[in-house]
Amino acid sequence: MTRSPRRLALLGITLSAACFGAHAYAAQTMTDTHSSTTDMQGMTSSPAADGMYVFTLDEVIVTGYRVATPLTLSTDPQRPRQPIPAADGAGYLKTIPGFSVVRKGGLGGDPMMRGMGGSRMVMDMNGGMMSGGCPNRMDPTSTYAFPETFSRIIVNKGPQSVRYGASVAGSVIFERETKRFEKPGVRGSVSVLGASNHRLDELTDVAAGDTKGYARIIQTRSYARDYADGNGHRIHSGYGRHSLTGIVGLTPDPDTLFEVSYDRSRGWAKYAHGMMDGSQFDRDSCAVKFERAHLSPVVEKFTLNFNNDTIDHIMDNYTFRPGGMMGTEVKREQYGVRAAFDLRFSPRTSAAVGIDLRRDAHSFAEAHKRRKGSFNNDMDINSFGIFLEYSRDLTERSSLFTGLRYDRTETDYHNALFRNPMGMLTRSLVPGSASDHAVSGFIRWENTAKKQPLTFYVGLGHAERPADYWEAYHTWAAYSNRVNGQTASPSATRPATEKNTQLDLGWVYTSEKTNANLSLYYAHIDDFILRKPQIGMGPTARTPYTNVDARLYGFEAEYTRIVSPRWTLGASLAYTRGDDRTNNTALPQIAPLEATLTAKYSHKKLETNAVWRLVSCQNRFHKGYGSVTGTDYGPTGGFGIFSLSLAYRPDENLTFSLGVDNLFNKTYAEFVNYSEAAIASLGIPAGGHITEPGRTFWFKSSYKF
């Protein structure tokens with residue numbers, strides 16, 4: 001593939017800009033999103049760095065999001081929202097302009113940002129990166145994220161941050177923070193949601209403590225049966241999940257925090273897109289966090305995170321499908337350490353520097369109905385990363401933000417043996433190893449107008465990432481299976497490192513009654529890792545990956561206006577176009593043009609909301625090609641979905657909300673999607689794109705104490 005010289009130029013620009021001085025983008029992002037709201041919560045205002053004020057709206061049900069800082073959005077997932085509150089992280093992200101979700105069933109969808117998903121979008125949860133265990137991505141990271149258990153969900157779009165990894169598409173941070181106690185006490189929240197298809201969600205969150213520390217317990221339960229589309233066709237999509245979290249924090253003084261947490265979740269899910277379901281999704285995670293502020297006049301804060309995650313997953317075709325015999329159990333053990341220093345050299349300059357280490361060990365075992373096997377380790381991945389974000393306030397109204405990151409990844413391929421239910425060896429892969437090096441960086445200039453609350457920004461970013469576990473494993477299995485007479489070493493067929501160079505520019509406008517933003521982007525991706533059509537069928541099926549050169553460009557626009565004391569109107573528009581320049585065709589899995597119109601009416605303790613989502617048809621596709629998140633099946637038509645909700649808040653701690661999504665019971669399917677697989681034992685024939693839920697009623701009550 002073509003090796004673009006742009007990355008050398010970018011690194012030179014980044015290093016040169018770093019010599020100017022600093023104001024760390026990551027540190028500023030975290031500070032800004034904590035102090036000023038961007039999701040229309042509370043009729044409050046907070047001063048911006050240039051003296052302007054950002055106003056927020058007293059909204060009960062969130063129907064849209066706004067950006068207060070360029071390319072960064074923060075939202076409180078504990079707020080009621082419409083459409084129906086999400087059961088996992090992907091469902092929540094889908095409502096943000098620029099996001100789409102690959103549907104598999106009722107749970108476990110794969111989120112995509114601006115046409116890119118998988119490891120192109122960094123997902124950080126509770127201080128560390130966590131990946132799912134399934135080689136077919138039944139459980140992306142967002143599957144294990146029950147949104148309401150987190151304090152904030154922060155989205156950084158584009159390769160304009162290096163703090164959390166090489167963000168080819170951007171990053172999503174699921175952040176959990178326990179508010180410190182100023183005096184001894186107990187606080188908490190309880191919420192219950194009921195909806196069509198026998199869906200039931202429960203959340204209990206209780207914390208107790210004093211000025212020296214706290215203890216917190218979070219319990220969630222989520223369950224739903226198969227949903228029906230607008231035509232009454234049942235989709236194989238039921239799921240169930242239960243989680244329990246324990247947190248203990250020590251706060252000996254205002255500048256110190258030591259926290260230990262443990263998360264345990266158990267679940268299952270039916271999937272309409274494949275030959276198997278997820279009969280077990282077990283997760284056990286522990287995390288340790290240490291924070292110390294004001295270590296010196298220069299060191300504002302030191303943060304140390306340790307995370308350990310164990311995923312134990314079983315996929316089979318006999319638990320929820322009569323007559324099946326096949327099954328596989330996979331286990332993924334992950335360890336991660338991250339240390340970061342936030343530095344401030346002067347009122348106009350600051351920086352962030354850090355290091356992260358990560359180890360993944362992945363194993364397989366046969367889990368057939370009548371034959372079980374022992375685990376054998378198929379792949380180990382060890383990674384090391386170091387980053388620097390260093391910028392400067394150039395004038396009272398303009399700033400320069402820069403960052404640089406280096407990553408090294410070592411992958412060890414082991415002999416992965418697998419047998420079918422009859423005991424016949426079907427997979428014996430050639431062992432080997434591979435080493436990858438990646439350099440990422442960005443530079444961005446922001447300027448705020450003198451006489452109006454308008455900020456302009458332009459940024460150039462470059463991000464590199466090696467093939468992830470899914471891309472590496474499937475390509476390895478496609479060309480190195482000795483059972484089929486293949487002897488290629490894994491390093492010989494491994495896809496080359498993907499390299500994205502992207503230009504971002506836009507405007508952000510925030511005033512007392514109006515909030516608007518427009519973002520434009522253009523990405524040139526060398527060695528884009530493309531999924532090729534499946535070779536063969538059944539146990540001998542192979543799914544190789546290759547490299548192509550690609551191009552992505554598009555825009556997002558949002559507008560919110562308080563037109564009267566009782567009425568607020570909003571609109572958003574998002575579009576992405578992708579081109580496979582090597583094959584001169586459409587880049588697969590790109591969502592079409594989408595618009596959303598919202599209206600809110602508030603009167604005293606009552607609020608009503610209307611959301612009209614409009615999606616264009618998509619005729620640009622490349623059948624059978626895609627990425628780890630899925631492949632193109634065919635074109636889709638346009639549709640419009642209208643939803644209503646009503647909320648009543650008797651006092652500031654109690655909220656009742658109800659709504660109906662897809663009011664007119666339309667039958668429709670998203671383009672970024674899987675096709676419906678045949679399940680003969682259940683009488684389900686193969687179909688086109690998996691259709692979305694029909695008319696859905698929901699009711700939610702929440703109480704804080």
Side-chain angles (χ1 to χ4, degrees), residues 71 73 89-90 93-94 96-103 109-124 129 131 137 140-142 155-162 164-173 438 440 442 459 461-471 495-504 519-531 545-556 574-582 585-594 618 620-622 625-632 670-674:
L71 299 171
L73 177 149
L93 294 172
K94 185 178 180 179
I96 299 175
F99 277 88
S100 55
V101 172
V102 182
R103 179 177 289 282
D110 236 319
M112 300 184 71
M113 182 193 303
R114 294 175 169 178
M116 293 188 283
S119 60
R120 296 183 177 101
M121 181 171 58
V122 174
M123 301 197 79
D124 190 276
M129 293 178 60
S131 300
R137 288 190 69 86
T141 304
S142 56
V155 175
N156 298 304
K157 294 186 177 182
Q160 286 290 312
S161 173
V162 293
Y164 300 100
S167 305
V168 175
S171 58
V172 178
I173 315 302
S440 304
F442 72 90
H462 180 85
E464 301 180 357
R465 70 166 192 102
D468 58 26
Y469 166 77
W470 299 273
E471 295 156 341
T497 298
E498 188 174 275
K499 298 164 283 292
N500 177 30
T501 302
Q502 181 168 321
L503 176 69
D504 284 276
S519 59
L520 310 170
Y521 55 92
Y522 179 92
H524 178 89
I525 308 175
D526 291 324
D527 294 324
F528 181 91
I529 301 176
L530 180 72
R531 178 176 174 177
Y545 288 76
T546 189
N547 293 107
V548 298
D549 290 336
R551 173 176 59 194
L552 280 162
Y553 56 91
F555 66 87
E556 287 134 18
Y575 176 74
T576 298
R577 180 185 172 100
D579 298 312
D580 177 346
R581 305 185 72 181
T582 299
T585 187
L587 197 67
Q589 294 288 279
I590 304 297
L593 177 69
E594 178 175 332
Q618 178 61 288
R620 302 188 77 249
F621 66 95
H622 195 183
Y625 289 79
S627 64
V628 298
T629 58
T631 59
D632 280 0
E670 308 281 0
F671 174 79
V672 179
N673 206 335
Y674 275 102

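Computed from a prediction, not measured in an experiment: that's the story for all the values here.
- Residues V172 and F99 form a side-chain contact, since some pair of their non-hydrogen atoms from C-beta on lies under 4.5 Å apart.
- A distance of 10.0 Å separates CD1 in I525 from CG in D549, rounded to the nearest 0.5 Å.
- Under the 4.5 Å side-chain criterion, counting only non-hydrogen atoms from C-beta, V168 is not in contact with Q502.
- Residue L503 holds its CG atom at 12.5 Å from OH of Y521, rounded to the nearest 0.5 Å.
- Across G630 and Y674, no two heavy atoms sit closer than the pair CA-OH, 3.6 Å.
- In this structure, CZ in R620 is found 8.5 Å from CG in L587, a value given to the nearest 0.5 Å.
- With sequence neighbours excluded, the residues satisfying side chain to side chain contact (heavy atoms under 4.5 Å, CB included) with S519 are R114, Y457, E556.
- Here the side chains of L93 and V155 are in contact, with some heavy-atom distance below 4.5 Å.
- With hydrogens and angles left out, the side-chain atoms of E498 and N500 include no donor and acceptor closer than 3.5 Å.
- Two residues are said to be in side-chain contact when any heavy atoms from C-beta on lie closer than 4.5 Å; F671 and D632 meet this criterion.
- With Q589 contributing its side chain and T631 its backbone, the two residues share a donor-acceptor pair below 3.5 Å.
- Of all non-hydrogen atoms in R465 and S119, the two that sit nearest each other are NH1-OG, 2.9 Å.
- The closest donor-acceptor contact from the side chain of T501 to the backbone of H462 lies at 3.5 Å or more, if one exists at all.
- D468 and R120 are not joined by a salt bridge, as no carboxylate oxygen comes within less than 4.0 angstrom of a charged side-chain nitrogen.
- Rounding to the nearest 0.5 Å places CD1 of I590 at 8.0 Å from CE of M116.
- Side-chain contact between M123 and Y164 is absent, with no heavy-atom pair separated by less than 4.5 Å.
- For S171 and N156, the side-chain atoms include at least one donor-acceptor pair closer than 3.5 Å.
- Considering all non-hydrogen atoms of both residues, V628 and G118 come closest at CG2-CA, 4.0 Å.
- In this structure, T546 contributes its side chain and L530 its backbone to no donor-acceptor pair below 3.5 Å.
- Proximity of M121 to P111: side-chain heavy atoms (C-beta onward) are separated by under 4.5 Å at one or more points.
- Side chain of D526 to main chain of K499: no donor-acceptor pair is present (N/O by atom type, distance under 3.5 Å, no hydrogens or angles).
- Proximity of a side-chain donor or acceptor of D580 to a complementary backbone N or O of T582 within less than 3.5 Å is detected.
- Here the OG1-NE2 distance, from T585 to H622, works out to 4.5 Å after rounding to the nearest 0.5 Å.
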